[in-house]
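Take a look at the structure below.
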Amino acid sequence: MSSYKYAEELKETVKKLSDFLSLEELHRQRYKGESLPSEKQLSEFITLCRSLIFPGFYGSPDVCDENLLYHTGINTEKLFELSAKQILAGLLFGRDTCDKDFDLRSLYELAEQKAIDFVSYLPEMRRILSTDVTAMYNGDPAAQSKAEVILCYPAIRAISNYRIAHKLLSLGVPLIPRIITEMAHSETGIDIHPGATIGEYFAIDHGTGVVIGATSIIGNRVKLYQGVTLGARSFPLDENNNPIKGIARHPIIEDDVIIYSNATILGRITIGKGAVIGGNIWVTENVQPGERLVQAKAKP
């Protein structure tokens, strides 16, 4: 079908869409051809991380003790190169868009340093994730093996993305950590902000609908069920009625806490060590260590 009939309408639409002032913050200018973060490349980045942390489960299925060094070497080099490029994209995205005189080379050197710091942390990340796998396996009678947990459980995918993203955030990488956790959110239905602090032996059973806010602090051996929210209450506003950023506004969950399905924990409150929070409860006040908080039974 010819577009000539609608040429004037199309021309007017193009003019409106090209009105630079109407874009406000909906556009991005690139002054030196710098690359933007790529979800496709970050997906490859996550696959490489998983293949190094869980070899044989992700990446090549033919990994064995005879060729482990070879596969690890190849994937580690690939990961370093890819992470340096994506970290650079994050650094470029995080810079002042009005700064046209930035030094691209110095930014790339900074990206390489952050990339090697990240890659060097992978052995420790594997150790921590192994505790999460153990917690998931020990906490679920339906799990037949740790291999099943690694291959099948969405929580391990979400937690591994979180731990990758959290490390990048701790290295001062902008934007990329959030993309990585949102990729896991889309894949699993589990929403963990990369800014949250989470201890070892962390388990999420089933997982769908879990939300963990940016300033949440979670101790060791904590278990959450589906639908749990660790969220914030109302946001304080500045003199211009804009939300104040960067304040601690999410819960602190101490060691050995269990929170059952669809519980909502809001605000900077503390759930004490060993406490148990029952399902479908709204909690906005501190819970003492060892306390069991459940719904009151209806009176006959």
Side-chain angles (χ1 to χ4, degrees), residues 17 20 22-54 58-59 74-122 125 129 154 156-198 211-216 245-246:
L17 288 173
F20 194 79
S22 72
L23 291 171
E24 295 184 359
E25 296 181 356
L26 302 179
H27 73 290
R28 188 75 184 178
Q29 288 196 85
R30 295 185 292 169
Y31 295 106
K32 299 184 179 181
E34 62 270 22
S35 60
L36 293 176
S38 163
E39 186 172 340
K40 180 179 179 181
Q41 291 190 30
L42 286 173
S43 179
E44 182 182 352
F45 168 80
I46 292 298
T47 298
L48 284 169
C49 287
R50 290 175 178 175
S51 71
L52 289 166
I53 293 168
F54 304 116
Y58 295 94
I74 292 294
N75 287 336
T76 300
E77 289 190 16
K78 286 182 180 178
L79 179 63
F80 171 72
E81 295 295 334
L82 185 57
S83 60
K85 291 177 181 177
Q86 285 304 295
I87 289 171
L88 174 63
L91 293 172
L92 287 166
F93 194 90
R95 68 178 175 80
D96 183 355
T97 55
C98 295
D99 178 14
K100 301 179 182 180
D101 299 321
F102 62 93
D103 185 349
L104 190 58
R105 181 59 197 171
S106 64
L107 273 180
Y108 186 69
E109 290 175 354
L110 179 60
E112 285 188 320
Q113 183 58 59
K114 293 181 185 297
I116 196 62
D117 289 344
F118 172 80
V119 171
S120 300
Y121 182 73
L122 284 180
M125 189 181 297
L129 280 165
I156 293 302
R157 295 171 182 262
I159 294 169
S160 62
N161 273 40
Y162 154 75
R163 296 207 183 277
I164 290 165
H166 184 73
K167 181 59 180 178
L168 289 170
L169 188 67
S170 73
L171 291 171
V173 178
L175 186 67
I176 301 297
R178 191 63 188 272
I179 294 175
I180 289 172
T181 52
E182 290 302 334
M183 289 166 65
H185 185 192
S186 298
E187 182 183 8
T188 67
I190 298 170
D191 182 2
I192 309 176
H193 194 283
T197 301
I198 301 177
V211 177
I212 300 175
T215 62
S216 299
K245 304 285 186 175

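All values reported here derive from a predicted model rather than from experimental measurement.
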Do K167 and F118 meet the cation-pi criteria used here (NZ or CZ under 6.0 Å from the six-membered ring centre, within 45° of the axis)? no
Mark yes or no for whether Q86, through its side chain, and S38, through its backbone, hold a donor-acceptor pair below 3.5 Å. yes
Spell out, as yes or no, whether a donor-acceptor pair under 3.5 Å connects the side chain of S43 to the backbone of E39. no
Any chance you could lay out the salt bridge (Lys or Arg N to Asp or Glu O under 4.0 Å) test for E109 and R105, step after step, and finish with the verdict? CA-CA 6 Å; E109 290 175 354; R105 181 59 197 171; 3.5 Å; yes
In this structure, OG1 of T47 is separated from CG of L52 (nearest 0.5 Å) by 11.0 Å
Do the non-hydrogen side-chain atoms of L92 and L104 ever get within less than 4.5 Å of each other? yes
Here the gap from R157 atom CZ to E187 atom CD, rounded to the nearest 0.5 Å, amounts to 5.0 Å
Could you tell me whether the side chain of Y162 and the main chain of A196 form a donor-acceptor pair under 3.5 Å? yes
Nearest heavy-atom contact between N75 and S51 is ND2-OG, 3.6 Å
Would you give the length of the straight line joining atom CG of L91 to atom NZ of K114, rounded to the nearest 0.5 angstrom? 6.5 Å
Inter-residue atom distance I116.CD1 - Y121.OH, 0.5 Å rounding: 15.5 Å
Passes side chain to side chain contact (heavy atoms under 4.5 Å, CB included), L79 versus C49? Steps please. CA-CA 7 Å; L79 179 63; C49 287; 3.8 Å; yes
Measure the CG-CG distance between L122 and L48 for me, rounded to the nearest 0.5 Å. 10.0 Å
S216 side-chain N/O to G213 backbone N/O, donor-acceptor pair under 3.5 Å: yes
Look up atom CZ in F80 and atom OG in S120, then write down how far apart they are to the nearest 0.5 Å. 9.0 Å
For residues S83 and V119, report the shortest heavy-atom separation together with the two atoms involved. OG-CG2, 4.3 Å
Pair up each side-chain donor or acceptor in residues 173-185 with any protein partner under 3.5 Å, not counting sequence neighbours, and list the distances.
from: R178; atom 1: NE; to: E182; atom 2: OE2; distance (Å): 3.2
from: R178; atom 1: NH1; to: H193; atom 2: NE2; distance (Å): 3.4
from: R178; atom 1: NH2; to: E182; atom 2: OE2; distance (Å): 3.4
from: T181; atom 1: OG1; to: P177; atom 2: O; distance (Å): 3.3
from: T181; atom 1: OG1; to: R178; atom 2: O; distance (Å): 3.2
from: E182; atom 1: OE1; to: H185; atom 2: ND1; distance (Å): 3.0

Can F45 and L168 be said to form a side chain to side chain contact (heavy atoms under 4.5 Å, CB included), step by step? CA-CA 12 Å; F45 168 80; L168 289 170; 4.1 Å; yes
Would you check, one step at a time, whether the test side chain to side chain contact (heavy atoms under 4.5 Å, CB included) holds for E77 with I74? CA-CA 5 Å; E77 289 190 16; I74 292 294; 5.9 Å; no
Side-chain donor/acceptor of R163 to backbone N/O of A158, under 3.5 Å: no
Do you know which two heavy atoms are closest between P37 and A89, and how far apart they sit? N-CB, 3.5 Å
Report the C-alpha distance between I198 and H166 in whole Å, list the side-chain angles of each, state the deciding distance to 0.1 Å, and finish with yes or no for side chain to side chain contact (heavy atoms under 4.5 Å, CB included). CA-CA 9 Å; I198 301 177; H166 184 73; over 6 Å; no
